[in-house]
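Values below: all heavy atoms of this structure, side chains included; hydrogens, waters and symmetry mates excluded. In this chain, residues are counted from 1 in sequence order.
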Amino acid sequence: VWKVAKDTRTVAWLVGSVHVLTKDVYPLPPVFDRAFAESRTLVEEVDLGAASDPGAVLPLAAKAMMTDGRTLSALLDRETAALVEQKAAAAGLPMLVVDRMKPWLAAMTLAVPALQRAGYDPLLGLDRHFYDRAKAAARPVRGLETAASQLAALDSLPMPVQIDMLKAVLSDVDTQVGAVAEIVRARQGGDVRVLDGGMPAWKACG
């Protein structure tokens, strides 16, 4: 947590967030409650309220699916396609649905079950925690980005990059989950050295 002050009247609290966390992270250290109590507006990566609005999300989600007759399996080599089918079956996801996903969406979707098995839950993420508190306190919430802009950025990735992203998740998902755990430990311990050392190759947690 960083405190940024221009003068005695202009103060901002910057908090490093993780989008998926485990139950044992809570309750948070007192400094988080202090920062929230002294803030008039909550500014997060995206406004979770707007991002969860079905009317806004459904048209965006449609862009993550292939609607031109192509299938994910057809874009991949045989070995990678078999891994996708294996991971989808293990997660209980219908291959008929996964096969219509663009590679970047498949990568993010197939990474989630591994995180959940390790106890990580988006509903326990720091952004969700403070969003819920802000709404309960009738405090304004703003987003630095929109869900539309984030999806557009992922959707604009060249197809070879998307496929490489998917392959990285399929081949090394346990290592990536371990990297998330390391980031959480470093964040809780204030270990800036570890946090500066690098981030996971994919950002399924954001």
Residues L110, L170; criterion side chain to side chain contact (heavy atoms under 4.5 Å, CB included); working and verdict: CA-CA 8 Å; L110 295 175; L170 293 171; 3.9 Å; yes

Which atom of G16 lies closest to which atom of W2, heavy atoms considered: N-CZ3, 4.5 Å

Check against side chain to side chain contact (heavy atoms under 4.5 Å, CB included), V84 and L76: CA-CA 9 Å; V84 168; L76 306 174; 3.8 Å; yes

Distance in Å, E45 CD paired with L144 CG, rounded so as to fall on 0.5 Å steps: 8.0 Å

M165 and M108, any side-chain heavy atoms less than 4.5 Å apart: yes

Within one Ile-Leu-Val-Met-Phe-Trp-Tyr cluster: L93 and M66, side-chain cutoff 4.5 Å: yes

Within 45° cone of F36 ring axis and under 6.0 Å: R139 NZ or CZ: yes

Least distance between heavy atoms, A111 atom then V169 atom: CB-CG1, 3.9 Å

Criterion side chain to side chain contact (heavy atoms under 4.5 Å, CB included) on D164 and V161, from CA distance to verdict: CA-CA 5 Å; D164 285 345; V161 175; 5.6 Å; no

Basic-acidic side-chain contact under 4.0 Å: R133, D33: yes

Reported CD-to-OG distance for the pair Q162 and S156, which is rounded to 0.5 angstrom: 8.5 Å

Shortest non-hydrogen separation from S39 to A35 and the atoms involved: OG-O, 2.6 Å

D155/K102 ion pair, N-O < 4.0 Å: yes

Heavy atoms from other residues, nucleotides or ligands near CD of E85 exceed 12 (cutoff 6.0 Å): no

Hydrophobic cluster membership, L105 vs L151, 4.5 Å side-chain cutoff: yes

R128 vs P122 side-chain heavy atoms within contact, under 4.5 Å: no

Sidechain-backbone polar pair: Y131 side chain, G49 backbone, donor-acceptor under 3.5 Å: yes

Inter-residue atom distance T71.OG1 - D99.CG, 0.5 Å rounding: 4.5 Å

From CG (L75) to OG1 (T80), nearest 0.5 Å: 11.0 Å

Connected hydrophobic set around L96, excluding itself, where side chains approach under 4.5 Å: none

Plane angle bin for F130 and F32 - parallel if under 30°, tilted between 30 and 60°, otherwise perpendicular: parallel

L28 with Y120, same ILVMFWY side-chain cluster at under 4.5 Å: yes

CG-OH distance between L126 and Y26, expressed to the nearest 0.5 angstrom: 5.0 Å

Evaluation steps, side chain to side chain contact (heavy atoms under 4.5 Å, CB included), between E44 and R142: CA-CA 6 Å; E44 296 191 318; R142 297 178 183 174; over 6 Å; no

Short N-O contact, K167 and D77, less than 4.0 angstrom: yes

Whether over 12 other heavy atoms sit under 6.0 Å from E79 CD: no

Heavy-atom closest pair, residues T22 and G119: CG2-O, 3.2 Å

For L123 against D121, the heavy-atom pair lying closest together: N-OD1, 2.9 Å

Cluster check L115, L124: I/L/V/M/F/W/Y, side chain < 4.5 angstrom: yes

Separation between CZ of R70 and CG of L72, rounded to the nearest 0.5 Å: 10.0 Å

Linked, directly or transitively: L166 and M95 (ILVMFWY side chains, under 4.5 Å): yes

